[in-house]
Amino acid sequence: LDAARKVFARKGIAATMSEVATEAGISQGLAYRYFPSKEAILTTLLRQMAESGGGFSARFKETSGSPRERLTYLVSSVLESRREQPEFYQLVYQVLSDDKVPNDLREVVGRSGRVIRSTMRQLIVEGQGKGDIAADDPDQLVEAILACLDGLSRKMVSLKPGEARAILPNAGVILRMLKPEPQGANR
């Protein structure tokens, strides 16, 4: 599955079972013994993603602190996950952008993203209520954060192992854009 994740991240659904087997260092016949098709591998990978996202959601609900502290934790967790598994997120982008991917698989990926998006929005609204987060449109703030995370994720794929941790920003850098302006400041 690790080999398949790397191959699908690079090639999308156009990847072949032969390429997956080569990446895994096994014969194509042995690959078919474990999975009947490349679609079965892709489905397994995406279901793993959905399950790991569900685990994150459960852990996040147990997190205490102010809305801003919880938002920092959420963004930090997303960044760390993307640093540790850049191929996984490249696979997500491949799935979302390839018209040949079946809709049910797209839905698995989309569901995970919607959980993060709605949690982020809720925390922004709560933080705005306390005056800890800029009073801009919460949906636009969510989109700005997600655009930063997506851009960083795409950059991570092109980096050498270990470079991501050294050069990519932490959550605080991203979240400073949510800082409320002082009273009387011009926009």
Side-chain angles (χ1 to χ4, degrees), residues 9 12 45-99 101 103-159 163-187:
L45 288 171
L46 294 174
R47 295 208 188 286
Q48 281 182 345
M49 180 200 76
E51 289 169 14
S52 69
F56 171 77
S57 296
R59 282 191 320 272
F60 182 77
K61 288 178 183 175
E62 297 171 2
T63 304
S64 61
S66 71
R68 186 168 184 93
E69 290 168 338
R70 292 173 65 217
L71 184 60
T72 300
Y73 173 74
L74 173 64
V75 173
S76 295
S77 297
V78 169
L79 274 171
E80 190 59 31
S81 174
R82 292 177 183 208
R83 279 185 182 113
E84 290 176 5
Q85 301 176 0
E87 296 93 4
F88 183 78
Y89 291 95
Q90 188 63 25
L91 171 60
V92 167
Y93 297 127
Q94 290 281 355
V95 167
L96 293 175
S97 64
D98 191 334
D99 293 338
V101 173
N103 286 336
D104 62 325
L105 294 182
R106 256 189 248 264
E107 177 55 27
V108 168
V109 172
R111 190 175 324 120
S112 180
R114 285 191 298 276
V115 168
I116 290 174
R117 180 182 303 273
S118 68
T119 302
M120 196 175 287
R121 186 184 192 286
Q122 175 188 345
L123 292 171
I124 287 171
V125 169
E126 288 175 20
Q128 287 173 326
K130 293 182 176 252
D132 293 338
I133 294 179
D136 293 301
D137 180 285
D139 294 315
Q140 289 183 8
L141 293 174
V142 168
E143 289 306 316
I145 293 169
L146 292 175
C148 287
L149 293 172
D150 287 346
L152 290 171
S153 296
R154 291 175 191 269
K155 181 172 180 65
M156 283 185 234
V157 172
S158 67
L159 298 174
E163 278 185 324
R165 191 163 307 283
I167 67 171
L168 295 175
N170 63 31
V173 172
I174 295 169
L175 293 175
R176 278 199 269 289
M177 73 177 134
L178 301 180
K179 184 177 179 185
E181 293 183 26
Q183 291 289 341
N186 293 331
R187 286 189 162 216

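Every heavy atom of this structure was used, including side-chain atoms; hydrogens, water molecules and symmetry mates were not. Numbers here are sequence positions counted from 1.
- In terms of heavy atoms, Arg70 sits closest to Gly65 at CD-O, 3.4 Å.
- Partners of Asp150 under the side-chain hydrogen bond (donor to acceptor under 3.5 Å, both in side chains) rule, at least two apart in sequence or in another chain, are Arg82, Tyr93.
- Here the side chains of Ile124 and Leu71 are in contact, with some heavy-atom distance below 4.5 Å.
- Checked against Ile116 for a side-chain contact (heavy atoms from CB on, under 4.5 Å), the options Val78, Leu149, Val142, Val75 give a single hit: Val78.
- Under the salt bridge (Lys or Arg N to Asp or Glu O under 4.0 Å) criterion, Arg114 pairs with Glu107, sequence neighbours left out.
- Counting heavy atoms from C-beta outward, Leu178 and Ile145 have side chains that approach closer than 4.5 Å.
- Partners of Ser66 under the side chain to side chain contact (heavy atoms under 4.5 Å, CB included) rule, at least two apart in sequence or in another chain, are Arg68, Glu69.
- Taking CG of Leu79 as the start and CG of Asn170 as the end, the distance is 8.0 Å to the nearest 0.5 Å.
- Every residue two or more places apart in sequence or in another chain that forms a side chain to side chain contact (heavy atoms under 4.5 Å, CB included) with Arg106 is listed here: Val95, Asp99, Val101, Asn103.
- Residues that satisfy the salt bridge (Lys or Arg N to Asp or Glu O under 4.0 Å) test with Glu80, not counting sequence neighbours, are Arg83, Arg165.
- For the side chain to side chain contact (heavy atoms under 4.5 Å, CB included) test, residues two or more places apart in sequence or in another chain that qualify with Lys130 are Pro67, Asp132.
- Residues forming a side-chain hydrogen bond (donor to acceptor under 3.5 Å, both in side chains) with Gln128 (at least two apart in sequence, or on another chain): none.
- Considering only residues two or more places apart in sequence or on other chains, Asp137 meets the salt bridge (Lys or Arg N to Asp or Glu O under 4.0 Å) condition with none of them.
- Gly131 and Pro180 get closest at one heavy-atom pair: O-CG, 3.2 Å.
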Audit row: Glu126, Leu123, side-chain contact (heavy atoms from CB on, under 4.5 Å) steps and yes/no
CA-CA 5 Å; Glu126 288 175 20; Leu123 292 171; 4.2 Å; yes
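- Nearest heavy atoms, Arg121 versus Pro138: NH2-CG, 3.8 Å.
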